[in-house]
Engineer: 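Please see the structure below; I have some questions.
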Amino acid sequence: MADQVRGLSDDEIHRIECDQSAPLGAAYRCFLKLIGGGAGHFMQGSDVFYPEIIGLGEAARDLLAENAVPFDLAESDRVILMHQGYQFDFLRGTGPDPEVWSYYESVGPGDTPTLSFPRFTDWLQVHVTQQTEAWARLVPQHEAEKRKKSGRRRVHFSRRHADGSVGDEL
């Protein structure tokens with residue numbers, strides 16, 4: 001079910017491990033084991049869960065080349081997130097809880113990836129905190145709008161599925 005937390009099997013983690021040459025740090029491996037298959041609305045809109053993370057290393061290299069960025073991902077760098085094709089985060093280092101670096105397309109001329117967090121677990125904690133706070137604000141607003149008559153609603157919301165159908169319309 002899409003709203004459930006889903007950890008990954010050892011076989012799925014092995015597929016992720018083989019997709020990029022960089023090692024899986026212990027903290028990232030734990031993340032995959034516990035929620036690597038998805039966690040409801042957490043990080044929705046970003047490719048961070050299996051199977052979408054397969055191929056992210058190649059996609060990140062393509063993005064850097066497309067933008068003529070004077071930076072090459074090292075063999076020990078592991079891309080862990082791509083957002084909307086213009087931003088990616090990657091692990092740098094071979095320790096159990098490596099650094100997280102980020103690249104944003106078109107932030108400025110000659111921009112290269114920068115250090116975002118000293119540890120993967122710091123990156124994860126910030127995302128959990130930010131999204132928990134955002135959902136705490138958005139859910140009550142969404143529920144209040146749903147209770148209004150359609151002509152009095154200030155917000156229109158719908159979810160378009162991969163097959164083109166629309167669900168959860170408000």
Side-chain angles (χ1 to χ4, degrees), residues 1-8 12-13 16 19-20 22 24-57 59-61 63-64 67 69 71 73 77-93 95-108 111-147 153-162 166-170:
M1 183 165 218
D3 289 341
Q4 299 295 316
V5 172
R6 185 175 90 73
L8 298 179
E12 291 167 321
I13 293 171
I16 293 166
D19 181 56
Q20 297 180 50
L24 292 181
Y28 183 59
R29 184 180 295 276
C30 184
F31 167 83
L32 295 173
K33 185 91 172 152
L34 296 174
I35 67 167
H41 294 292
F42 180 62
M43 300 190 84
Q44 188 173 5
S46 294
D47 294 332
V48 67
F49 298 114
Y50 179 82
E52 288 80 17
I53 58 173
I54 300 296
L56 289 188
R61 284 178 178 82
L63 181 60
L64 292 171
N67 288 294
V69 175
F71 179 89
L73 288 167
D77 293 338
R78 175 170 292 276
V79 180
I80 60 168
L81 174 144
M82 174 124 353
H83 183 73
Q84 305 296 313
Y86 69 88
Q87 170 198 344
F88 66 87
D89 291 347
F90 62 97
L91 301 177
R92 174 154 269 191
D97 198 3
E99 298 173 339
V100 177
W101 288 59
S102 300
Y103 171 75
Y104 301 87
E105 180 179 45
S106 300
V107 173
D111 282 335
T112 59
T114 57
L115 176 65
S116 300
F117 296 93
R119 292 183 305 269
F120 169 75
T121 51
D122 296 329
W123 173 90
L124 184 58
Q125 181 61 52
V126 165
H127 282 284
V128 168
T129 300
Q130 287 175 342
Q131 293 197 11
T132 300
E133 291 171 358
W135 282 104
R137 287 188 316 273
L138 293 173
V139 169
Q141 291 172 358
H142 175 73
E143 293 300 321
E145 289 296 315
K146 281 185 2 185
R147 288 190 295 274
R153 293 181 183 147
R154 295 181 299 149
V155 177
H156 178 77
F157 168 83
S158 64
R159 178 175 296 142
R160 186 166 303 278
H161 302 288
V166 175
D168 300 327
E169 193 160 3
L170 170 64

Engineer: Does Asp97 reach the main-chain N or O of Thr121 with its side chain, forming a donor-acceptor pair under 3.5 Å?
Structural biologist: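 Confirmed, Asp97 side chain pairs with Thr121 backbone.
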
Engineer: What residues form a side chain to side chain donor-acceptor pair (under 3.5 Å) with Asp77, not counting sequence neighbours?
Structural biologist: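 Listed in chain order: Arg92.
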
Engineer: Closest heavy-atom contact between Gly57 and Leu73?
Structural biologist: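 Looks like O-CD1, 4.4 Å.
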
Engineer: Specify whether Phe120 and Phe31 have parallel, tilted or perpendicular ring planes, treating 30° as the upper limit for parallel and 60° as the lower limit for perpendicular.
Structural biologist: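 The arrangement is perpendicular - the two ring planes meet at more than 60°.
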
Engineer: Please tell me if the side chains of Tyr50 and Arg6 come closer than 4.5 Å, counting only heavy atoms from C-beta onward.
Structural biologist: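 In short, these two side chains touch, coming nearer than 4.5 Å.
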
Engineer: Are Asn67 and Tyr86 close enough that some pair of their side-chain heavy atoms sits under 4.5 Å apart?
Structural biologist: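 Counting from C-beta outward, Asn67 and Tyr86 never come under 4.5 Å.
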
Engineer: Please report the shortest heavy-atom distance between Ser102 and Phe90, naming the atom on each side.
Structural biologist: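 Smallest heavy-atom distance, with atoms named: N-CE2, 4.5 Å.
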
Engineer: Please round to the nearest 0.5 Å and tell me the distance separating atom CH2 of Trp101 and atom CZ of Phe117.
Structural biologist: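 Answer for the CH2-CZ pair, Trp101 versus Phe117, is 13.5 Å.
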
Engineer: Please examine the side chains of Ile80 and Trp123, heavy atoms only from C-beta on, and report whether any two atoms are closer than 4.5 Å.
Structural biologist: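 Yes. Closest side-chain heavy atoms under 4.5 Å.
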
Engineer: Using every non-hydrogen atom in the two residues, find where Ala39 and Phe49 come nearest and quote the distance to one decimal.
Structural biologist: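 Of all heavy-atom pairs spanning Ala39 and Phe49, the closest is N-CZ, 4.0 Å.
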
Engineer: Nearest 0.5 Å, what's the CZ-CD1 distance between Arg29 and Ile16?
Structural biologist: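 Separation between the atoms: 9.5 Å.
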
Engineer: Looking at side-chain heavy atoms only, is the closest gap between Phe71 and Leu64 below 4.5 Å?
Structural biologist: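 Of all side-chain heavy-atom pairs linking Leu64 with Phe71, at least one is under 4.5 Å.
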
Engineer: Return the set of residues passing ring pair (Phe, Tyr, Trp, His ring centres under 6.0 Å) with Phe42 (not counting sequence neighbours), or none when no residue passes.
Structural biologist: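 Per chain and number, Phe42 pairs via ring pair (Phe, Tyr, Trp, His ring centres under 6.0 Å) with no residue.
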
Engineer: Can you tell me how far CD1 of Ile54 sits from CD of Glu12, rounded to the nearest 0.5 angstrom?
Structural biologist: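 Here the interatomic distance stands at 9.5 Å.
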
Engineer: Just to verify, which of His83, Gln87, Gln84, His127 counts as forming a side-chain hydrogen bond (donor to acceptor under 3.5 Å, both in side chains) with Ser46?
Structural biologist: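 Exactly one pass, corresponding to His83.
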
Engineer: Restricting to pairs with a member in residues 32-52, which pass salt bridge (Lys or Arg N to Asp or Glu O under 4.0 Å), not counting sequence neighbours?
Structural biologist: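 Salt bridge (Lys or Arg N to Asp or Glu O under 4.0 Å) check on residues 32-52 returns Asp10-Lys33.
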
Engineer: Is there a side-chain contact between Ile53 and Leu32, using heavy atoms and a 4.5 Å cut-off?
Structural biologist: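 A side-chain contact exists here, since the closest heavy-atom pair is under 4.5 Å.
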
Engineer: Checking the side chain of Gln20 only, and the main-chain atoms of Val79 only, is there a donor and an acceptor separated by less than 3.5 Å?
Structural biologist: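 Looks like yes, one N/O pair under 3.5 Å.
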
Engineer: If you round to the nearest 0.5 Å, how far is CG of Leu56 from CG of Leu63?
Structural biologist: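 Leu63 CG to Leu56 CG: 11.5 Å, rounded to 0.5 Å.
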
